[in-house]
Amino acid sequence: MLKGKILKGVGSFYTVYSYEDKKEYTLKARGIFRKQKITPTVGDEVLFTAVNTDEGSIEEIIERKSLLIRPSISNVDNIIIVCAVKEPDISFFLLDKMIINAGIKNADLTICFNKCDLADDTFKDYLKEEYKNSGFNLIFTSNVTGEGIDEVKSLLKDKSSVFMGVSGAGKSSLINSLFEGYNLETSHVSRKIKRGRHTTRHSELFMEDENTFIADTPGFSSLEVFDVEKEDLYHYYNEFIPYINCKFPNCVHINEPVCGVKDAVKEGNISKLRYDTYKQIYEEIKSKENKY
Ligand SMILES: Nc1nc2c(ncn2[C@@H]2O[C@H](COP(=O)(O)OP(=O)(O)OP(=O)(O)O)[C@@H](O)[C@H]2O)c(=O)[nH]1
Ligand SMILES: [Zn+2]
């Protein structure tokens with residue numbers, strides 16, 4: 001059997017890069033996966049058999065390290081949320097919702113504040129301050145000045161990374177900056193991303209080298225929080241955790257008296273900005289629950 005990685009899945013066909021002979025195969029999945037209720041997913045490392053590059057089947061999926069649900073991609077090491085500092089103005093509500101939706105285990109989350117050529121240092125310092133205890137990696141970039149591009153590049157090396165962000169944040173420009181001046185293969189990759197992003201809603205991994213994969217995702221302008229109960233929401237705010245010494249064990253840190261989180265906000269130990277998005281998102285989940 002050959003070993004490979006699923007780069008793309010369309011219908012019941014999967015594009016698999018073979019580590020053994022460096023070719024791309026178009027394969028079907030064995031019926032057994034359907035019976036086991038396992039869907040081969042972009043990012044999966046697989047074992048397969050093939051007669052030729054157009055004929056063969058995926059026989060085995062190697063155990064996943066992680067699984068991102070939206071978009072569906074497995075074995076992701078980095079989730080990079082691209083957020084413009086201006087044009088469009090930052091919506092912290094949307095940014096924190098993206099963070100929550102990305103909330104998978106076993107992947108590092110980076111917030112990439114982009115278009116820094118449009119912001120002054122005061123604004124950057126403000127963002128640093130508000131997100132410093134969030135536990136996320138922060139990178140400040142500009143595709144115009146080149147600021148931070150190398151930092152992102154070193155993050156991607158030998159990893160599998162997914163870029164997300166609202167429309168216009170500069171994801172595609174960033175990916176193009178990252179791979180500009182690389183070998184021909186790479187500029188081909190960048191072009192492919194640019195072309196592919198509006199024509200398909202399927203997830204697709206692009207290979208930079210055998211160990212480095214990236215995926216762009218379609219931008220969006222609004223977003224719902226999925227699969228999170230309002231009572232669990234605070235677990236997504238890492239900076240709340242040290243202050244959870246509340247009177248009620250089921251405290252959600254909003255209206256309860258004697259709440260360590262609310263005290264920490266008052267004393268300036270938790271970012272007011274982050275706490276406000278927490279309350280807003282909490283209310284949104286609650287109003288959605290009431291609808292059903
Ligand atoms: N000033 C400035 N403009 C930028 C920067 N990066 C991207 N832009 C501009 O922002 C606009 C949107 O950039 P895109 O790269 O298309 O944004 P996107 O996130 O891929 O958007 P979607 O395709 O909708 O997902 C374009 O006009 C870019 O030229 C930057 O670092 N600084
Ligand atoms: Zn509390």
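Please read all numbers here as calculations on a predicted model, not as lab measurements. When a ligand or atom number is given, it counts from 1 through the structure's own listing order.
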If I apply the N/O under 3.5 Å rule, does [X] come out as touching ligand 1?
| X | result |
| --- | --- |
| Leu118 | no |
| Cys116 | no |
| Lys171 | yes |

Less than 4.5 Å apart, any side-chain heavy atom of [X] and any of [Y]?
| X | Y | answer |
| --- | --- | --- |
| Glu208 | Leu156 | no |
| Ile111 | Leu109 | yes |
| Lys97 | Ile281 | yes |
| Phe48 | Tyr14 | no |

Distance under 6.0 Å and angle within 45° of the ring axis: does Lys128 meet both against Phe140?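 Yes, cation above the ring, under 6.0 Å and within 45°.
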
Salt bridge or not between Lys132 and Glu129? Use side-chain N to carboxylate O under 4.0 Å.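 Glu129 and Lys132: salt-bridged.
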
Under a 4.0 Å threshold between the charged nitrogen and the carboxylate oxygen, would Lys5 count as salt-bridged to Glu210?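 No, Glu210 and Lys5 are not salt-bridged.
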
Which option out of [options] puts a heavy atom nearest to [atom]?
| atom | options | value |
| --- | --- | --- |
| atom 5 (C) of ligand 1 | Glu87, Glu147, Lys115 | Lys115 |
| atom 1 (N) of ligand 1 | Asn143, Thr217, Asp117 | Asp117 |
| atom 7 (C) of ligand 1 | Ser173, Ala119, Ser172 | Ser173 |

Counting only heavy atoms closer than 4.0 Å, does ligand 1 sit against the backbone of Val82, its side chain, both, or neither?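 Under 4.0 Å from ligand 1, Val82 contributes no heavy atoms.
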
Looking only at N, O or S atoms in His253, which is nearest to the Zn ion (ligand 2)?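 Going by distance to the Zn ion (ligand 2), the closest N, O or S atom in His253 is ND1.
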
I'd like to know whether ligand 1 has Gly165 as a neighbour, heavy-atom separation below 4.0 Å.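 Heavy atoms of Gly165 never come under 4.0 Å of ligand 1.
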
Lys28, NZ: over 12 other non-hydrogen atoms inside 6.0 angstrom: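 It does not: Lys28 NZ has 12 such atoms or fewer within range.
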
Using a 4.0 Å cut-off to any heavy atom of Ser142, which atoms of ligand 1 qualify?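 In order of number, 31 (O).
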
In degrees, rounded to 10 degrees, what angle do Cys259 atom SG and Cys251 atom SG make at the Zn ion (ligand 2)?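 SG of Cys259 and SG of Cys251 make an angle of 110° at the Zn ion (ligand 2), to the nearest 10°.
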
